[in-house]
Amino acid sequence: MKRMPSSFILVSLLVMLFLYLPVVILIGLSFNASTMGVAWKGFTFQWYEKLAMDRAILEATVNSVVIAFVSTGLALVLGVGTAIGLETRHGVQRAWVNMILLLPLVIPEILLGVSLLMVFVLCQVHLGFGTIIIGHMVFNLPLTIVIIRARLRKLDPAWEDSARDLGATSWDVLTRITLPLLRPAIWGAGLLGFTVSLDDFVVTFFVAGPGSTTLPLKVFSMIRTGMTPEVNALSAVMVVVSMLCVGLSWFLQQRSAPASSGSSYL
Amino acid sequence: MSESVGLDKVIKSHGLVRAVDHVSLSIQNGEFFSILGPSGSGKTTILRLIAGLDRPDLGDIIIQQRIVTLDPPHKRPVNMVFQHYALFPHLSVYENVAFGLHMKGERQANIQKAVSHMLALVRLQGKEKRLPGQLSGGEQQRVALARALVNRPVVLLLDEPLAALDQQLRQEMQGELKRLQREVKATFICVTHQQDEALMLSDRIAVMHGGKLLQVGTPQEIYDRPVSSAVARFIGLSNALSGTIVSCDGGLCRVEPNGLSPVMVSCSPHDSLQGAVTVMVRPERVHVSSNMSANRYDNSLQAMVHHVAFSGNEVVYHVRLLGGAIWMARVPIAEAQACPLTVGQQVYLQWWAQDGLVLPSQSPPC
Ligand SMILES: Nc1ncnc2c1ncn2[C@@H]1O[C@H](COP(=O)(O)OP(=O)(O)OP(=O)(O)O)[C@@H](O)[C@H]1O
Ligand SMILES: [Mg+2]
């Protein structure tokens with residue numbers, strides 16, 4: 001690493017502060033004994049205890065986790081399949097395929113939400129868990145495909161050739177060579193998708209029905225009746241869980257990066 | 001002896017590139033057959049066609065008297081050692097070697113026995129649990145060999161098996177390859193672009209260039225009677241002189257090089273050579289000295305020492321002829337020390353007519 005001039009270090013410190021100060025303040029306030037405002041009235045765990053007692057919040061948590069789990073799982077199955085299909089030697093490697101796949105990631109989420117709602121209403125689909133899961137898959141799938149394709153491109157085609165030479169059928173190649181080598185990337189994509197799904201508000205807001213409240217929706221409705229310390233505590237938990245998941249996802253993808261035929265791999 | 005592998009007028013294109021162009025070959029059982037050629041000449045493609053990893057556009061592949069052109073790889077009694085080994089990075093040495101038997105559905109006990117026997121054969125006992133990334137280049141190479149050979153293939157294909165190894169390891173592994181071949185009694189088809197390796201290991205050699213076979217023969221045949229200057233150059237016959245045939249009779253040709261005094265070259269009486277030709281002389285047959293030798297050599301050319309290189313037990317003189325061509329002369333070290341030559345010195349190059357080769361000229365190879 002080259003030595004940086006100190007002004008750059010200062011700039012990066014300021015940027016970090018700008019990015020993380022709100023989160024730090026939020027977490028700090030969640031331990032504040034004061035019921036109103038930001039004045040510090042002593043340290044307490046009571047908001048977390050209250051959170052753990054709140055049936056509605058617990059229900060929303062379960063909803064969120066179930067939805068994130070199912071939508072991520074489905075997105076993984078379909079996404080890994082699609083990525084492998086696109087990356088085979090005779091697959092479609094055109095730039096426009098990439099564009100179309102990535103579109104849901106760059107379309108404003110509110111448009112995604114509105115258009116999904118319109119489709120569901122047109123097809124007379126009952127709004128609830130199913131529609132939220134479908135909604136989350138719309139952004140989870142492209143995410144998975146992008147991550148898995150990036151990893152697939154790093155796999156040496158000679159591995160497949162030598163497996164086939166040793167008598168492996170296409171199925172053997174998939175289950176014994178391709179998927180095991182993709183495992184870290186699959187975990188990484190899964191954790192990232194899980195987090196994004198857990199945190200999603202906009203799309204969920206449009207396609208959720210009564211009885212399918214997720215955590216972000218719950219936070220939103222709580223804030224409408226006033227900013228309570230309980231909301232701070234809930235938000236703090238969500239932030240920490242998300243950061244852990246994303247960190248782990250990043251770590252897994254890093255670890256899977258430098259594999260080619262000669263180099264070491266763990 | 002019966003045929004092990006046959007190629008019948010095989011053509012394979014990659015887009016606009018004819019990677020393999022009308023190649024017909026017949027390789028015998030138990031042969032150590034080398035395919036020699038510069039980079040991009042289609043060597044790997046030929047191996048892939050035999051293994052079934054690619055299909056020819058035209059022509060047939062025959063293995064053990066059976067046409068296998070359309071068979072998938074797992075239906076062919078052939079295994080391949082890949083150019084960069086292609087060991088499975090997530091599997092241990094044991095699992096890598098066991099992979100092929102596993103695919104065939106062998107019983108666990110048999111697999112265990114076969115794998116440990118094979119690992120002993122390539123001297124890798126005790127390293128079963130390592131991952132490929134934890135092995136040295138030479139060890140990886142031997143795992144790749146074991147992984148292919150454990151399946152008892154009738155034909156083993158080797159794609160530049162020694163290219164990634166250093167000089168000393170390569171020499172060790174050359175001996176190892178010959179030993180392994182004797183023990184498993186398979187046909188070995190080995191791709192290389194190292195001419196000395198091919199000459200040393202092979203029963204027969206095919207020289208390729210631009211997807212075409214230039215010559216097939218024993219190392220001796222190829223070394224002594226290359227059919228073209230391209231083949232000659234490729235097996236280390238670097239000293240060339242282009243000229244025109246003046247006369248040719250009684251097995252002796254008189255060639256007039258551009259701007260130099262005529263040289264005499266022996267040729268077979270059946271050759272009907274005329275017009276533009278290339279004369280080639282082996283570096284170890286060229287006598288180089290500061291004055292005309294007492295021996296009545298048939299040929300003598302003036303030159304200037306351009307560069308002197310020591311290589312172990314001999315000295316290689318690079319000399320520049322009057323026409324500008326650079327020739328090499330290999331001289332045993334004792335002889336070179338007896339009368340040393342220095343850079344810039346005027347010298348005479350002398351050789352016997354029978355040590356030269358005369359070949360029809362053609363567009364320069366490589
Ligand atoms: N998959 C491919 N797609 C397109 N062209 C290819 C492909 N494989 C090989 N070629 C081309 O076919 C020709 C022969 O390639 P091949 O790999 O057989 O050469 P080679 O003799 O093995 O060379 P090297 O010594 O560098 O390994 C080359 O011109 C190469 O560019
Ligand atoms: Mg090659």
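Remember, it's a predicted structure, so these values are computed and weren't measured experimentally.
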## Note on the structure
Those residues at least two apart in sequence (or on a different chain) that pass ring pair (Phe, Tyr, Trp, His ring centres under 6.0 Å) with A:Phe69 are none
### Task
Mind checking the OG1-NE2 spacing from A:Thr169 to B:His74? Nearest 0.5 Å is all I need.
7.0 Å
### Message
Which residues pass the ring pair (Phe, Tyr, Trp, His ring centres under 6.0 Å) test with A:Phe129, not counting sequence neighbours?
### Response
none
### Message
Let me confirm one number: the CG-CE distance from A:Leu166 to B:Met80, rounded to the nearest 0.5 Å.
### Response
11.0 Å
### Query
How long is the gap from CG on B:Asn79 to CG on A:Asp165, to the nearest 0.5 Å?
5.0 Å
### Task
Would you mind reporting whether A:Ser162 and B:Tyr85 have side-chain heavy atoms less than 4.5 Å apart?
no
### Message
One thing to verify: whether A:Asp161 and B:Arg48 come together as a salt bridge, which I'm taking to mean a side-chain N less than 4.0 angstrom from a carboxylate O.
### Response
yes
### Query
Side chain, backbone, both or neither: which part of B:Arg147 has an atom under 4.5 Å from a heavy atom of chain A?
both
### Query
ring pair (Phe, Tyr, Trp, His ring centres under 6.0 Å) with A:Phe139: which residues, sequence neighbours excluded?
A:His136
### Query
For B:Gln168, does the CD atom have more than 12 heavy-atom neighbours from other residues, nucleotides or ligands under 6.0 Å away?
no
### Minimum heavy-atom distance between B:Ala86 and A:Trp159, given as atom pair plus value
O-CD1, 3.5 Å
### Exceeds 12 heavy-atom contacts within 6.0 angstrom, atom NZ of B:Lys75
no
### Query
Would you say B:His90 and A:Arg183 make side-chain contact, with heavy atoms under 4.5 Å?
no
### Task
Enter the distance from A:Asp156:CG to B:Phe88:CZ here, rounded to the nearest 0.5 Å.
10.5 Å
#### Entry: Residue-level contacts of residues 140-148 of chain A with chain B, using a heavy-atom cutoff under 4.5 Å
none
#### Entry: NZ/B:Lys113: more than 12 non-hydrogen atoms of other groups inside 6.0 Å
no
### Query
Do other residues, nucleotides or ligands put more than 12 heavy atoms under 6.0 Å from B:Arg204 CZ?
yes
### Message
Given 3.5 Å as the limit, does a donor-acceptor pair link the side chain of B:His84 with the main chain of A:Ala158, or not?
### Response
no
